Amino acid sequence: MGGLNPRQEEACSYTEGPLLILAGAGSGKTRVITHRIAYLINEKSVNPYNILAITFTNKAAGAMRERVDDIVGFGAESIWVSTFHSMCVKILRRFHDRIGGQNNFTIYDTDDQKAAIKEVLRLLSFDEKQYPVRAMISAISKAKEEFLSPSDYERKVAGNYREENIAKIYREYQKRLRSNNALDFDDLIFRTIDLFMMQPEVLEMYQERFRYIMVDEYQDTNHAQFILVKQLASKYRNLCVVGDDDQSIYKFRGANIYNILNFEAEYPDAKVVRLEQNYRSTSTILDAANGVIANNEGRKDKSLWTENPVGEKVRFTRYEDDRKEAMGVTEKIFGLLTEGHRLSDIAVLYRTNAQSRMLEEQLVRENIPYSLVGGTNFYARREIRDMVGYLKCISNPADDISLSRIMNVPRRGIGDTTVNKLREYAVLKGISLYDAVLDAASVPGVSRAVGKLQAFAELMEGFRREAGEGNLSLLYRDILERTGYKAELEAEKTDESASRLENLQELLNKITDYEMREEHPTLTSLLEEISLVADSDVEEETSDRITLMTLHSAKGLEFPFVFMVGMEERLFPSGMAMDSDDPDAVEEERRLCYVGITRAMKRLYLSAAMRRMVNGSINYSEVSRFIKEIPENLIRKDGVKERGNGFGDSFGGFSRGEPYYDEWQGSTFRKKAPYETKRNQYQSFGMKKAGMPKPGMPEPAKIDYQVGDTVKHIKFGRGVVKEMERGGNDYEVTVIFDSVGEKRMFASLAKLRKI
DNA sequence: GAACCCATCATTTTT
DNA sequence: TGATGGGTTC
């Protein structure tokens, strides 16, 4: 086995029976997984068809798929590489009817859940103040993660008045989802477990199929996922789980660290392989990480080591306030550029998304291109949700939630009163809301709106017929046109409406892309992809930029140069964790810190501010305990005063370096910086507000082509520009591509290159 | 039915 | 600071 160390090799070749791979940060985990799959196929003659690899995110699944394809070659495509959720959808699309469901269910996202909960609260006359929607969603989600049905939940909380009411909400919510033929994300797992329990022969079929199972990031699994894996693996017991308890940072969303800690208790015959050699970081960085994580109790015994060079000391700087901290970071970034490093080698990590603003402002001011990971999901935008609402309605007429969303969007004179009358009628007759609309003429009290309802019903029926014909992009365009949605936005002529239109165009691109990719495109599977595939795996970023993201999002990534900012008590570790009665809360923060440190390959910059704006008011904080947990000899502290709140004589304590920036020290650097700034590089993903360009964000796309030119597109390849039309501050370009024919797109999004 | 004002409340994120 | 939601007013 080429290029594997003995431990890695052991992990690859131990194929029969339960195996726990404790893979420390940077220990070559992905390599091991892919090599293991290759070993199974090539050495053990396992049929690729019998292999299942489960990951958490689509991104991870995609990456694994790619690597497996590279290394395995023939037969690789019949390996199931999948997320928990998409695996369950596949199974339920086939067998959900065996347990009293329908196979063409809709998947509800958080927004749909919210709407459903609101209806339930109204129905049960519960006060939203006492039973906040978000808290209810998370309580229900938690119950499902623990595989508790409404009855189980009721039993568990008996005697607690409030909890009993939550149980009622849970029960009613499930009832509603069922009548809407919808499942939420947690249901996907839950119902699959149900299916396997109630239909042993279905389970057996999958057990036979998945003789070799691998689960990545096992420390992130919740109890329901644990049960599911156990069911699938119980026949052949060839279960290989890979994870690192020290990198468990998702307790808040149900991850159960005991799944990995107790793996050996669950499978007494399990073999355990520890991957402890780190190939990523300098020994200084690694020892700093080890120093921090050593403060946690209840870990699997493990010590990471490396043969990498010692490298430089970790640097810590304490600044006066958050703005100075941001300035310090940009200045150091210029320093790195002067040393000849690339922007894409640099990441700035922070604990909370709110911290990005100050950094962004500073980066824009200094013309440093960045891309922001996270932020608002594309599919969470209003216009996108509206369109997806239409599609969901068309695909599943029983989906009252989606119907309520779009019935009066754009406004067509179907007001709340009318909708309420329709609801009453639907409940009375035991039919869906949509059926009530179809039967508008017999609904009492809506007489004035009957005409409008009938027109709406006709519109929707037309869409439904069209959906049957299978041209999804055409259907989508028709919805935009015939509902008047597009016209309304076009009439608005504001920056915001222009950006919404761009987003709608982008959705069209996604649909077209889906149609081209898929052999048998259907509305159901398109919606599935939209629900299941988050937006985070957006277009591969080609240009050179630094990356800004939360520590959570950084997991699994690596960068030569890493900044961790905001190393302050109550920010990191978070105040919430510190105040929690659960002692593990701070430990989880510490694991997060460990994750952050171990992202760095060459150099790690840590910083804190004495004073920072938090939730609109100024906070004074002390240096994070995690800084103190890094062994003294590994860290260089610039101008640090350990205690103090930023008042009075605290300025005296700085020893060296320049932790305090004169307003404009940074700008002298800018002139010296030996690199060119390209305009139009600033546009970041996940802009928070649809449409509002960030202050200082440059104009979109520079366009170096015109009608008649030959251009190149990332996905569609070569094409000729047929037409260019000004739309807002952008161009709408029509291109005839060799591969896919004519396409209309926005210049700023299409990234066309003249060739 | 829509525009506006005030009060409230703030981690982390994927599916 | 800022986003969001409810209530009020036109």
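Numbers restart at 1 for each chain; the letters A, B, ... are given by sequence-line order, proteins then strands. The structure displayed is predicted, hence computed values, not measured ones.
Listed pair A/S86 / B/dT15 fails the phosphate criterion, with no side-chain N or O lying under 4.0 Å from OP1 or OP2. For A/T550 and B/dT13, the shortest distance from a side-chain N or O to OP1 or OP2 is below 4.0 Å.
Between the side chain of A/S248 and the backbone N or O of A/D245, no donor-acceptor pair lies under 3.5 Å. Side-chain atoms of A/D584 do not come within 3.5 Å of backbone N or O of A/E587 as any donor-acceptor pair. Remark: side-chain polar atoms of A/D216 are not paired, donor with acceptor, to backbone N or O of A/T55 under 3.5 angstrom.
We find that the ring of A/F252 and the base of B/dT12 stack, their centres lying under 5.5 angstrom apart and their planes tilted less than 30°.
Looking at residues two or more places apart in sequence or on another chain, you find a side chain to side chain donor-acceptor pair (under 3.5 Å) between A/D386 and A/R405, A/Y485.
Distances were taken from every side-chain heavy atom of A/R351 (C-beta onward) to each of B/dT13, B/dT14, B/dT11; the shortest belongs to B/dT11. Ranking B/dT11, B/dT13, B/dT14 by closeness to the A/T57 side chain, first place goes to B/dT14. The side chain of A/K118 has C/dG6 as its nearest neighbour among B/dT15, C/dT1, C/dG6. Side-chain proximity of A/M613 to B/dT15, C/dT1, C/dG6: nearest is C/dT1.
Of the inter-residue distances, the one linking A/H85 atom NE2 with A/T57 atom OG1 reads 11.0 Å to the nearest 0.5 angstrom. Summarising the geometry, atom NE2 belonging to A/H96 is positioned 4.0 Å from atom CZ belonging to A/R191; distances are rounded to the nearest 0.5 Å.
Residue-level contact check: A/D416 touches the backbone only, with heavy atoms under 4.0 Å from sugar-phosphate atoms and none from bases. Base contact: A/S574 has a heavy atom under 4.0 Å from a base atom. Within 4.0 Å (heavy atoms only), A/S617 reaches no atom of the nucleic acid at all. Contacts of A/K144 with the nucleic acid, taken as non-hydrogen atoms under 4.0 Å apart, are absent. Using a 4.0 Å heavy-atom cutoff across all strands shown, A/E588 reaches no nucleic acid atom at all.
A ring-centre distance under 6.0 Å is found for A/H552 and A/Y250.
Of the residues near DNA chain B, A/I414 and A/H552, the one whose nearest nucleotide (by heavy atom distance) lies more toward the 5' end is A/I414.
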Scoring nucleotides 4-10 of chain B by protein non-hydrogen atoms under 4.0 Å (B base, S sugar-phosphate only, - none) yields ------B

